Amino acid sequence: MKTSNTDLSKELKKYFGFSTFKGHQETIIKTLLEGKDVFVLMPTGGGKSLCYQLPALMSDGTAIVVSPLIALMKNQVDAINGLSSVEGVAHVLNSSLNKTQTKQVFDDIRSGVTKLLYVAPESLIKEEYQEFLKEVEISFVAIDEAHCISEWGHDFRPEYRNLKSIIDKIADVPVIALTATATPKVQDDIQKTLGMNNAVVFKESFNRPNLFYEVRPKVNIDREIVKFINARKGKSGIVYCLSRRKVEEFAQVLQVNGINALPYHAGLDQKTRVMNQDKFLMEDADVIVATIAFGMGIDKPDVRFVIHYDIPKSLESYYQETGRAGRDGGEGYCLAFYDPKDIEKLEKFLAQKPVSEREIGLQLLNEVVGYVETSMSRRQYILYYFGEQFDPKNGQGAGMCDNAVNPPVLKDASKQLITLLQL
Ligand code: ADP
Ligand code: MG
C-alpha cells in the first residue's frame with residue numbers, strides 16, 4: 001500500500017483535529033499501513049471508525065468500507081465530507097443512486113478523489129460494481145460490525161457470509177475487520193469466515209468500570225421501577241421490554257405515575273418514532289421505554305440507568321444494551337429483573353425456530369441464566385464471557401454490583417462454577 005510517510009499524530013490533527021489517539025488506534029493504523037490484516041475488538045464508543053478512516057485518507061486509492069446499515073453509512077459519509085474541503089472524499093454506493101449519481105461516484109473513484117467508499121454487503125454482490133472495483137486502485141477493505149458474519153453474534157446477517165470470496169475477486173489488499181462483540185465464539189467465526197487467521201489482533205478491555213450491575217427478582221416490578229426512577233428525578237434512562245405491547249403499556253404506567261416517559265418500538269409509525277427518540281435525546285423526555293429496536297447508533301452520553309423489564313436473549317445483548325449507560329464516564333446503573341417464567345417463555349418461542357437457530361438460542365439463554373443466578377461479581381462474570389480476566393477485589397470497578405455490596409449466601413457455589421466453565 002502506498003502512503004505518504006508522515007507522522008501519524010500530525011495526520012490525525014490535520015484530518016480530525018484530535019491531538020491524541022485513543023487506546024490502540026495508532027498501532028492499529030500503523031499495522032494496517034504496513035500491509036497486514038488487522039482484527040479490532042473494541043467496545044462501542046472506543047473509536048473504531050478512525051482506525052480505517054485515517055489510513056484511508058492517507059493512502060493512495062480507495063478504501064472499501066463494508067457496513068450493515070444505510071443510516072450509519074450516511075452519517076459517517078456526511079461526517080467525513082464535512083471534515084474535508086474536497087467534494088467526494090467519501091461516497092456511499094448502493095442501488096438507490098440514479099445513473100448520474102452512480103457515474104459521479106465512479107468518476108470520483110477513478111480520479112483518485114474518493115478515499116472511502118461505503119457499501120452494504122448486498123450491494124457488493126452486484127456484478128456491475130465488482131467489475132468496476134476490479135479496475136480501480138483499492139487501498140484496503142474495512143469490514144465494520146464484523147460480528148454480523150456470525151450466528152453467535154447479536155446481529156447476524158447472511159449477506160456478510162460471502163464477503164471473503166467477493167473481496168478476493170475485487171483486489172488482493174489488506175483487510176481490517178472491526179467489532180464491539182468480543183465473545184470468543186464470535187471472534188473465532190469472524191476470523192475463520194474471513195480467512196483472517198494470520199491477522200494481527202487488537203483487543204481492548206470491555207470493562208465498563210463506572211457501570212453498576214444489579215439483578216432483582218421480578219416481584220412488584222412496576223412499583224419497583226417507579227420507585228427507582230423517582231429516586232432519580234430528571235435523570236435520563238432507558239427501560240427495555242421484550243414486546244411492543246409491554247412497551248406501550250409500561251410507558252403509560254410511568255406516565256400515570258408522573259414520570260416523563262415515551263415509548264419506542266418498530267411498530268410505531270416513523271414520525272412518532274423519530275419524534276420520541278429526538279425528545280429523549282433533547283431532554284424533553286427523561287425516560288424511553290423501548291424494545292431492542294432502540295439504541296443502535298444512538299450516542300447519548302448521560303444516560304444514567306438502563307433497566308431490563310424482561311431478561312435479554314443473550315449476555316451479549318445485555319452488555320450492548322447496558323453499555324448505553326454512562327458513556328460520559330459518570331454514573332450508570334444497570335438493573336435487570338428476572339423471573340424464571342420469562343426464560344420458559346423465551347424457550348417456547350425458540351422451540352418454533354429451525355434446529356440450528358434453536359440450539360444457539362438456547363445456549364445463549366443458558367448463559368444469561370448463569371449471569372442472573374450467579375453470586376459472584378457480575379462484572380467478573382460478564383468479562384469472563386468476553387474471554388477477559390477480572391480481579392473482583394482490585395480490578396477497575398470492583399465492588400460495583402449487587403453481589404459485592406450485599407454478598408448473597410453462597411447457595412451452590414460448585415454448580416455456579418460448572419456453569420461458568422461451560423460458557
Ligand atoms: P465505535 O465505532 O468504536 O463505537 P466511533 O468510531 O463511533 O466508535 O467513535 C466514537 C467517538 O469517539 C466519536 O465521537 C469519535 O469522533 C471519537 N473519537 C475517536 N477517536 C478519537 C480520538 N483519537 N480523540 C478523540 N475522539 C475520538
Ligand atoms: Mg462503529
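Atoms within a ligand are numbered from 1 in the order they appear, just like the ligands themselves. It should be emphasised that the depicted structure is a prediction, and the values quoted were computed from it without experimental measurement.
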Nitrogen or oxygen of Gly47 less than 3.5 angstrom from that of ligand 1: yes
Which residue and heavy atom of the protein sit nearest atom 6 (O) of ligand 1, plus the separation: Ser49 OG, 2.4 Å
Closest to atom 2 (O) of ligand 1 (judged by heavy-atom distance), picking from Lys48, Arg327, Lys22, Gln53: Lys48
Atom 20 (N) of ligand 1: nearest protein contact (heavy atom, Å): Gln25 NE2, 3.0 Å
Atom indices of ligand 1, in the order listed, that fall short of 4.0 Å to a heavy atom of Thr44: 4 (O)
Interfacing atoms of ligand 1 (cut-off 4.0 Å, heavy-atom, Leu50): 20 (N)
For atom 4 (O) of ligand 1, the protein heavy atom that lies nearest, with its residue and separation: Gly45 N, 2.6 Å
Atom 14 (O) of ligand 1 [closest protein heavy-atom partner, distance rounded to 0.1 Å]: Asp299 OD2, 4.9 Å
Exercise check, heavy-atom protein proximity under 4.0 Å to atom 10 (C) of ligand 1: yes
For Pro43, atoms of ligand 1 separated by under 4.0 Å from a heavy atom: 3 (O)
Test item: Glu331 side-chain N/O and Arg304 main-chain N/O as donor-acceptor pair under 3.5 Å: no
Side-chain donor-acceptor pair present, Gln380, Gln389, cut-off under 3.5 Å: no
Close aromatic pair by centroid cut-off 6.0 Å: Phe228 and Phe305: yes
Aromatic ring proximity, centroids under 6.0 angstrom, Phe202 and Phe39: no
Ser205 and Asn207 side chains, donor-acceptor separation under 3.5 Å: no
Gln396, CD atom: more than 12 neighbouring heavy atoms under 6.0 Å: no
Plane angle bin for Tyr118 and Tyr52 - parallel if under 30°, tilted between 30 and 60°, otherwise perpendicular: perpendicular
Residues, nucleotides or ligands: over 12 heavy atoms within 6.0 Å of Ile292 CD1: no
Per-residue contact class, Met42 against ligand 1 - non-hydrogen pairs under 4.0 Å: neither
Tyr213 side chain to Arg208 side chain, donor-acceptor N/O pair below 3.5 angstrom: no
Proximity to ligand 1 by part of Ala180, non-hydrogen separation under 4.0 Å: neither
Identity and separation of the nearest protein heavy atom to atom 22 (C) of ligand 1: Phe18 CD1, 3.4 Å
Test item, Thr20 contacting ligand 1 (heavy atom, 4.0 angstrom): yes
Atom indices of ligand 1 within 4.0 angstrom of Phe21 heavy atoms, with elements: 23 (N)
Greater than 12 external heavy atoms within 6.0 Å of Lys300's NZ: yes
